[in-house]
Amino acid sequence: MTNASVKTRDGRRVMLYRSFTSGALSSTLYSEPTKFVFGLTNTTGLISSTDLDNPVPVSNGTVCDNGSVNLTGSLGGDNSTSNTTTYKEGAGAVDATAQNLIANSSDVTKQWTNAATAAAIVATSRLGLWIYIKDATTLAKFLTSGTALTVRVGTDASNYYSLTRTAAQLSTGWNFLTTNKSAINTLSVVGTPGTMNRLDIIITTNNATDTFVAGDVVYDLLRTWVEADTYVSYDATFPTIDYNNLEVTRQVTLSSAQLNGFNVAAIGTKNTDTAPLLTDIDTITPFSKDSIDQYTVVLVDRIL
Amino acid sequence: MANPSLQKTVIDGVDVSSYVINWTADETLEKTIRTLSVNVKTSISTVYSYEADSLIGKTIEVYRGVNSPSEQIIFRGYIRKTEELRGVLNLACEDKLSLAKYVIVNTSFLSNNGVENGRVSEIFKTLVNSYTSLIADNTSVQSSGTSAVEILKIYRLRQRNLLDGLQELATAIDWQFYYDPVYDRVFFEPKGYRISDIVLSTQTNIPQIPKWDFKSDQLFNQLTVVGSAQTLLKQEGPIKLDGSTANWNTTSVKLAFKPDTVKVLCDNTTTPTTEKKGGIPGMDTGYAYVVDKTTGVISWNTSVFAPASTYYATVQYTYKSPIIITRSDVASIAQYTGGVPKAITQVREDLQTIEDVANWAKYQLSIYAKPFVMIENCPVINESALRIGYMHKVDDPITGYTYNLMIKSLTMRYPYKPDSVTLTDQDYRVVAWGIDRAQRLRRIEEGNTSDTSVINTYADFVHSFKVGRRYIKITKRDLTGANVITGTNYTLGTNFVLGTALFQTGFTGPLTTEYLFPGDNYYQELAYDTQFYDAGSSTGVTWDTSAKTIAITGQLVSKPICIGPTVTACTVVLSSDNPGLSMSVSADDGASWTPITSQGVRTVINTPGTTFKYKIVNTISGFPTPWGTWGGSSTVTLSNAYKDDGTLDISIINILLETV
């Protein structure tokens, strides 16, 4: 990814429409951009970009499981233990606790379950949770080829949606497993999930004797959100326009409660069209947002 | 005189002579625009920065001389095309007359309205001076005449290319036009008008016997000219219809010529006075005769009128008789065609008098009764002022030929080789004389007069402007030192806005700029604000945001213009070249500096880093000295450069960053 600031083709269309259309302007077509979006790692912004690759929720959304509840182990998995040192902030969760996924040597398949999440997991929402892998040695225990990690959300053991990852799709440190821009109900499904309050995390190792101790693999913060949760409006009084120097400034302030836990590598602006258009995209050197800081993003554009 | 082997080439005001590998300048009478092909080394970029097609449209001047490279200018024009291959940059150039190629004209000239008064030479001058930056004045344009046959009553250019219009005027009166770089003027004159005092001779400046070409393929020495047909009146009769006169009888009458109009008198008297009515079968009734104009036979319609053999008839009629004149050039017949005339016929129905026809034949023979002379690609040495369209005496004592010939094409080269000229007498001998020229002008008038259509003119203007990101900046303020109460129920402390997670205005926890990046990796400083001006670190600087100028007596240091990405290289351009300033850049927030030695040239940062800034030092003033004291106080003021229409051309400081 290269650092870049691009006004997208849709952004240029908005400028043309709003500069040269006579009569009343539509409020749902080529409307002016009024909100920011933020994302994780992103390909270099292009004029043809229509969305961020990995937009993340700015608002809390719904915390289905804040990671403070011990998970029940089965097969090669033992009951999880709480970890108050390595945990993830975000979504307004203040428990400051995650779960160590402890694995024994009885089976290559290690499973942990929360059968009663604090909030229902809504199938039409987007989904995300965090998995921490301590180091390369730990990652090497994950099945080398094929599905190494499965996350199931559902009604019970026979009715669920599942999200899978191979070892190659994981890295040491925190991994954000997400449906990204899709809803949960677009995942592969078994049975007919109804109201969903069950979470299963299944790790397949190369050998049954590949075990995890506290701190090796950590789970935290199962959350859901909708598209609107990925938007944050410009700060009040913005944009400001300098008609003398032909400059416009747009700004958003991310409070200490917003966007926490994410390594932000892409910033975009969107409008309020029926299908919101991405009008700007900036791919940046990543910054990490947490609850002790407040970030202000300023975009200054000008006409020369 | 020696060969003009020295040369000087200037591009956009910059002397690039030492980078020129070779050039070739070509011009011909037919092409009108002189062309120049120059090969230069790509290392020209050390004195003249260029990218891709940025040279197109730039001016170029070429000089050559014997003792000094700038004795004689031989080319003044524009670069039209560039091509770069293996360290060589080829420039394809056209002289200043090429400006006329890119102008579309929509105008009219009426002989009774305007200063031109229909005079072709004046129309030419007005077109050149009004629609281009070229000059055509009384020193470069001859008068084409003001008589009725020499003027254009109406001349229109309807959305036409200017060069086409100029060529049309030149063709109409068989004149030539070209751009002369010495006088920086457009010349318009009869072919062969200019006579050079340079004699081209095999004894002096023609190093080898030229190939004399005598072209007789168009030669003729007997000419019959058929002029316009005249209408004549004739009467035949009275003649008795008894057949005593051949073809005059009671059936029909045959005339001596083919008639146009006919009047027939016929009755039983020796001097008939009774006019008879003619008619056309199938269309008329009661007619006494029918006329066959192709055979000249009048046939009696005997069902209506059957004259007896005692009747007399008188026919009065008109008929067409063309002017036909034949002239011969006896000397040419004897010398060139072995005593047998080489004859042709020309039809000139526009010539309406015997005198006109006779003169035309005479003048045509004066042109075509002798062969045309041509010398192609003749090398000429020791001359630097040859120009096409000029007449020279060409003297070849070796072959015994001496002719006055006009340079029709000219090629000059560097490194020096003999100039190559093609000389001929055909182009100025074959000049339309007054009558033909007048006819051409009349034809132009007819075309313009009949053209009364309304032209819908679209004026297309392209407004292009750049909308871009000036910069993106991300700042972070953290809670260190904030008044916060935390616990199971998270309660915001006094440093937060009640009911929100936002810090209160005025909270002075540490504020850092986490990320700052100029749009498109391109920093442009226009000085209308002080966003990136570090006043605290600068000395002897006046940053005027109203005038948008930066006056430097001492040292200007910027705030960081890029934070976050690792900068590894940059390219710097200032709005003007200022030898009194030195510039350096830093990517580690000023811990180390890399000097910028040349504008427009990529500079690798000695120590790549994530906080990039620049500084500019006035070296005239002598600041800084090792002792921190100043030298002189000469101030260098930097300002934006604007185009004629007021839009920005180059901002004060331009830095293109390379990041990883």
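Order of the sequence lines sets the chain letters (A, B, ...), proteins ahead of strands, with each chain counted from 1.
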Inset, instruction - Could you tell me whether A/Asp51 and A/Lys270 have a side-chain N and a carboxylate O separated by less than 4.0 Å? - result: yes
Inset, instruction - Of all the heavy-atom pairs spanning A/Asn60 and A/Gly92, show the shortest one and how long it is. - result: OD1-N, 3.2 Å
Legend entry - For chain A, which residues of residues 515-527 of chain B have heavy atoms nearer than 4.5 angstrom: B/Tyr515, B/Phe517, B/Gly519, B/Asp520, B/Asn521, B/Gln524, B/Leu526
Inset, instruction - Identify which of A/Asn245, A/Asp95, A/Asp242 forms the greatest number of heavy-atom pairs closer than 4.5 Å to chain B. - result: A/Asn245
Inset, instruction - Can you see which heavy atom on B/Asn606 is nearest to which on B/Trp593, and at what distance? - result: ND2-O, 4.0 Å
Inset, instruction - Specify the closest pair of heavy atoms between A/Asn263 and A/Leu40, including all atoms of both residues, with the distance to one decimal. - result: O-CD2, 3.4 Å
Inset, instruction - Would you please indicate if the ring centroids of A/Tyr295 and A/Phe287 are separated by under 6.0 Å? - result: yes
Legend entry - Pair B/Lys473 + B/Glu514: basic N to acidic O under 4.0 Å: no
Inset, instruction - Kindly give the heavy-atom pair with the smallest separation between A/Ala93 and A/Asn66, and that separation in Å. - result: CB-CB, 4.2 Å
Legend entry - Region of A/Ile267 in contact with chain B, defined by heavy-atom distances below 4.5 Å: side chain
Inset, instruction - Go through the atoms of A/Gln251 and report whether side chain, backbone, both or neither lie under 4.5 Å from a heavy atom of chain B. - result: neither
Legend entry - Which portion of A/Arg250 sits near chain B, non-hydrogen atoms under 4.5 angstrom: side chain
Inset, instruction - Kindly state whether the ring of A/Phe262 and the ring of A/Trp130 have centres lying under 6.0 angstrom apart. - result: yes
